Protein chains: 2
Amino acid sequence: MRNLHHSRDNKHSRCGPPSGRMLGFIQPWLLLLLSEESAHGYQLLDKLNQNEDTRGIDPGFLYRTLRQFEEDGLVKSSWDMEGRGPARRVYEVTADGIEYLHSWVGHIRSNRARLGRFLETYESCFG
Amino acid sequence: MRNLHHSRDNKHSRCGPPSGRMLGFIQPWLLLLLSEESAHGYQLLDKLNQNEDTRGIDPGFLYRTLRQFEEDGLVKSSWDMEGRGPARRVYEVTADGIEYLHSWVGHIRSNRARLGRFLETYESCFG
DNA sequence: TCTAATATATGAGTTAGTCATATAGATGAG
DNA sequence: CTCATCTATATGACTAACTCATATATTAGA
């Protein structure tokens, strides 16, 4: 054991200690936020940081993800030169993006159910 | 878009399409199964393949994970030479392993809750 | 004796996400 | 005016967590 109890001071282990964020969790949030209203990266970064569940995302990851979304046709972007500060690249979700979000939600539901089944088995063994 | 709807025929995308397994999901199952009863790798592989939620795991990954668990003190192993076929390395969970499983479950619960909160937000926007 | 099942293991590659850092325009303090 | 800071986007290098392919050895059965 040693440091394994505590999340991040553990350099050698490859067995995925209970810490860190779930993978592939930010992306559906991005599409969902963009479904509510179009926004630029920095704005999305702000919104994600206001939600405890999505806090602390790496900006580099966010911007790259948005560009990838655009390459995949899930969003499209345009420059907003108005207002103060440097130009913003404003993202808008496409019909494909919304469709994709819907299918993503299906997988989220089934993953949630899977976690539930694990917990049931756990509880029938302990507690 | 294009192939993005369908899980795996998608070479370029980095945005995590709704497909594939959740990361870090097999490991708590391993500790849980070993809490129920000690077993060797091949046996665990069998049990995982009988559960739809954990089916299809890579044997190499399983064996490496078990060795890592042992290095971290979560399990301990001994050789079983009896019976037919080649020798089996039998794993037994340790007290640390069980403690670790409990803390893992805490994170699983909170991840499940997070998915729930995402779905709530999604449903308040669509459906 | 050849094939298949049981059993464990390693090397190489991929993917997703992190960390560090670069760049640049706008704004306010002194 | 100029320097620091905020806003905003972006890239390079790295790492962690798997996946894929393959190696190896023992035993059982056709």
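In what follows, chains are A, B, ... by sequence order, proteins preceding strands, each numbered from 1. Note that this is a predicted model, so its numbers are computed, not measured.
The CZ atom of A/Phe69 sits 15 Å away from the P atom of D/dA10 (whole-angstrom rounding). As rounded to whole Å, 17 Å separates atom C1' of C/dA12 from atom CZ of B/Phe61. Atoms CH2 (A/Trp29) and C1' (C/dG17) sit 20 Å apart, rounded to a whole Å. Rounded to whole angstrom, the span from the CZ atom of B/Arg88 across to the C1' atom of C/dA5 amounts to 13 Å. The nearest whole Å value for the distance from the CG atom in B/Asp58 to the C1' atom in C/dA9 is 11 Å. Rounding to whole angstrom units, CD of residue A/Glu82 and P of C/dA26 are separated by 13 Å. Note: CG (B/Leu66) to C1' (C/dA7) measures 12 Å, nearest angstrom. Here D/dA17 presents its P atom at 17 Å from CZ of B/Phe25, a figure rounded to the nearest Å.
Heavy atoms of A/Gly41 sit under 4.0 angstrom from primed sugar atoms or phosphate atoms, though from no base atom.
Once rounded to the nearest 0.5 Å, the distance linking OG of B/Ser38 with CG of B/Asp80 reads 11.0 Å.
Along DNA chain C, the nucleotide nearest to A/Ala87 and the one nearest to B/Tyr63 differ in position, and the one closer to the 5' end is contacted by B/Tyr63. The 5' end of DNA chain D is approached more closely, in terms of each residue's nearest nucleotide, by A/His40 than by the other of B/Gly85 and A/His40.
Ring geometry, B/Tyr122 versus B/Phe118: the interplanar angle falls under 30°, so the pair is classed parallel (tilted spans 30 to 60°).
Distances shown here put a side-chain N or O of A/Arg67 below 4.0 Å from the OP1 or OP2 atom of D/dA10. Contact check, B/Arg64 against C/dG11: no side-chain N or O comes under 4.0 Å of OP1 or OP2. For D/dC6, neither phosphate oxygen OP1 nor OP2 lies less than 4.0 angstrom from any side-chain nitrogen or oxygen of A/Arg84. For D/dA17, the OP1/OP2 oxygens have no side-chain nitrogen or oxygen of B/Gln27 closer than 4.0 Å.
Aromatic ring centres of B/Tyr91 and B/His40 lie farther apart than the 6.0 Å criterion allows.
Comparing C/dT6, D/dT9, C/dG25 against the side chain of A/Tyr42 picks out D/dT9 as the nearest. For B/Leu23, whose side chain is taken as the heavy atoms from C-beta onward, the closest listed nucleotide among D/dA10, D/dC18, C/dT6 is D/dC18.
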- For the pair B/Asn111 and A/Phe25, evaluate side-chain contact (heavy atoms from CB on, under 4.5 Å) and give the outcome as yes or no after the intermediate values. CA-CA 10 Å; B/Asn111 279 339; A/Phe25 186 58; over 6 Å; no
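Results of the side-chain contact (heavy atoms from CB on, under 4.5 Å) test with B/Val93 over B/Leu34, B/Leu33, B/Leu30, B/Leu32 single out B/Leu34 as the only residue that passes.
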